[in-house]
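Worksheet: one structure, shown below.
When reading the values below, keep in mind they use all heavy atoms of this one structure, side chains included, and skip hydrogens, waters and symmetry mates.
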Amino acid sequence: METFTKVAEHRNVDRSVISKQITRLEDELDVRLLNRTTRSISLTAAGAEMVKQAKQLRSLLSDTKRLAQNYHTEPRGLLRITCPSYLGRHYIHAAAVAFQKEYPDVEIELRLEDRLVDLVGEGYDIGFRLGKPKDSSLITTKIARNRMLLVAAPSLLDKHGTPKTIFDVERLPAAIFSTSGIQGDRIKYSDGAKDAHFKLNTVYKSNEDELYLKAAIDGVGIACVLAYMIHDEILDGKLVPIMTDLKLADFGECYAVYPHKEAPIKTKLFIRYLKEHIGSSVPIWEKRIPNFDQMYI
């Protein structure tokens with residue numbers, strides 16, 4: 001009875017509560033766990049085995065809890081990422097490789113998808129999207145802005161002349177991005193106090209960013225491109241920004257989206273890692289365009 005008394009004091013309950021709980025457990029298991037006399041209490045063989053199993057279970061639960069805590073303190077496990085093809089090839093991939101080297105317990109799976117992916121339904125940890133996501137159930141983090149610019153090859157300008165007006169631009173041959181849902185031939189800009197559009201004279205279209213950009217480099221036509229598509233083409237003189245006084249509308253900022261606010265540390269760290277890799281205030285792609293901060297604004 002003295003043992004029950006100590007347990008009751010430790011648990012801050014009445015001694016009878018402990019006795020009733022033991023009796024109820026024995027009734028549920030249909031086995032005697034304790035030998036009781038008026039002077040002592042001892043474990044039966046079954047009781048000793050139950051204590052052994054309980055200790056193992058407590059250790060397992062403790063390890064499980066510690067593992068769960070590690071997922072919030074140490075990046076580990078599979079990190080599934082989805083993003084548009086061009087962004088993935090030129091920016092996300094490089095960041096993912098560097099991230100995995102720094103955190104070797106994280107396994108990276110990078111899927112390039114030029115469609116709206118169901119993050120939850122398809123089991124992704126992070127998605128990257130251009131433009132403000134419409135799904136309000138997802139957690140959204142801005143990565144960087146993504147402005148637009150008009151470019152042309154020097155050979156095309158030598159042939160047709162440098163455009164001075166919207167009318168000039170509309171007359172020039174153009175290369176555009178085109179899919180079943182998007183035709184990139186209508187360009188939005190600000191005309192004083194109101195928004196307006198002009199239409200490109202399409203002579204080449206492709207559903208691959210790199211191909212219609214290459215068409216512009218090859219002098220096929222002018223192109224309206226996203227700033228993140230520019231690497232060394234302007235610095236090397238392969239492309240020239242045109243109509244830089246025109247106030248072009250932004251295409252849409254780059255966002256990271258993920259399913260839950262309490263995301264694992266691997267998710268939060270990768271997003272932070274990518275923002276540092278790209279640069280959130282002035283994205284790396286804008287630094288490749290001389291004087292871009294004074295263009296199209």
Side-chain angles (χ1 to χ4, degrees), residues 84-87 89-91 114 130-132 144-254 278-279 282-297:
S85 297
Y86 193 94
L87 185 67
R89 282 194 296 270
H90 294 278
Y91 299 101
D114 291 320
L130 298 176
K132 184 72 172 179
R145 67 190 183 203
N146 191 21
R147 296 171 57 205
M148 302 183 74
L149 65 157
L150 286 162
V151 293
S155 61
L156 184 135
L157 297 179
D158 289 341
K159 181 178 180 179
H160 296 279
T162 300
K164 304 295 185 183
T165 66
I166 293 295
F167 179 72
D168 293 338
V169 172
E170 291 181 320
R171 291 179 60 189
L172 290 174
I176 70 166
F177 177 80
S178 174
T179 66
S180 58
I182 299 174
Q183 295 294 317
D185 59 351
R186 282 177 56 82
I187 310 302
K188 184 178 179 181
Y189 70 103
S190 177
D191 181 14
K194 65 181 188 301
D195 290 337
H197 294 82
F198 62 88
K199 194 172 189 302
L200 296 176
N201 176 26
T202 303
V203 298
Y204 178 95
K205 61 179 69 173
S206 175
N207 65 339
E208 285 286 339
D209 291 332
E210 288 163 301
L211 292 184
Y212 92 90
L213 178 64
K214 187 176 186 305
I217 294 171
D218 291 339
V220 173
I222 65 171
C224 187
V225 301
L226 303 180
Y228 85 151
M229 294 169 57
I230 297 297
H231 293 273
D232 299 324
E233 296 86 358
I234 292 175
L235 290 172
D236 292 345
K238 295 178 181 179
L239 289 173
V240 177
I242 59 174
M243 297 290 291
T244 57
D245 290 337
L246 199 63
K247 187 174 181 181
L248 292 180
D250 285 1
F251 177 82
E253 296 166 323
C254 176
I278 290 177
V282 180
I284 186 173
W285 45 75
E286 290 189 11
K287 295 177 182 178
R288 300 169 181 153
I289 307 171
N291 303 314
F292 190 56
D293 60 334
Q294 301 173 33
M295 301 179 186
Y296 306 106
I297 57 174

Minimal heavy-atom distance between D114 and S85, with the atoms involved, is OD2-OG, 2.8 Å

On a heavy-atom basis, which atom in F198 and which in E170 lie closest, and how many Å separate them?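 Residues F198 and E170, closest heavy atoms: CB-OE2, 3.4 Å.
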
For residues 202-213, pull every pair meeting salt bridge (charged side-chain N to carboxylate O under 4.0 Å, His left out), keeping only residues two or more places apart or in separate chains. R89-E208, R89-E210

Using side-chain heavy atoms (C-beta onward) and a distance below 4.5 Å, is [X] in contact with [Y]?
| X | Y | value |
| --- | --- | --- |
| K194 | D191 | yes |
| L200 | L172 | no |
| F292 | R147 | yes |

Anything under 3.5 Å between a donor and an acceptor, one on a side chain of residues 219-235, the other on a protein residue two or more places apart or in another chain? List them.
unit_1 : atom_1 : unit_2 : atom_2 : d
H231   : ND1    : R288   : NH1    : 3.2
H231   : NE2    : Y86    : OH     : 3.1
E233   : OE1    : H231   : N      : 2.6

Contacts under 3.5 angstrom, residues 149-167 side chains, donor-acceptor by atom type, not counting sequence neighbours:
unit_1 : atom_1 : unit_2 : atom_2 : d
T165   : OG1    : F167   : N      : 3.4
T165   : OG1    : D168   : N      : 3.1
T165   : OG1    : D168   : OD2    : 3.3

Of all residues at least two apart in sequence or in a different chain, which pass the salt bridge (charged side-chain N to carboxylate O under 4.0 Å, His left out) check with D293? none

Atom pairs and distances, side-chain donor-acceptor, residues 173-189, under 3.5 Å, sequence neighbours left out:
unit_1 : atom_1 : unit_2 : atom_2 : d
S178   : OG     : Q183   : OE1    : 3.0
S178   : OG     : Q183   : NE2    : 2.7
T179   : OG1    : G181   : N      : 3.3
T179   : OG1    : I182   : N      : 3.1
Q183   : NE2    : T179   : O      : 3.1
D185   : OD2    : K199   : NZ     : 3.0

Table please: side-chain donor-acceptor pairs of residues 241-253 below 3.5 Å, with sequence neighbours left out.
unit_1 : atom_1 : unit_2 : atom_2 : d
E253   : OE1    : Y255   : OH     : 2.8
E253   : OE2    : K142   : NZ     : 2.9

From K238 NZ over to D218 CG, what is the distance, rounded to the nearest 0.5 angstrom?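 Those atoms lie 9.5 Å apart.
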
Distance check, rounded to the nearest 0.5 Å: L211 atom CG versus K214 atom NZ?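 It is 8.5 Å, given to the nearest 0.5 Å.
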
Flag, side chain of N146 to backbone of C254, donor-acceptor distance under 3.5 Å: no

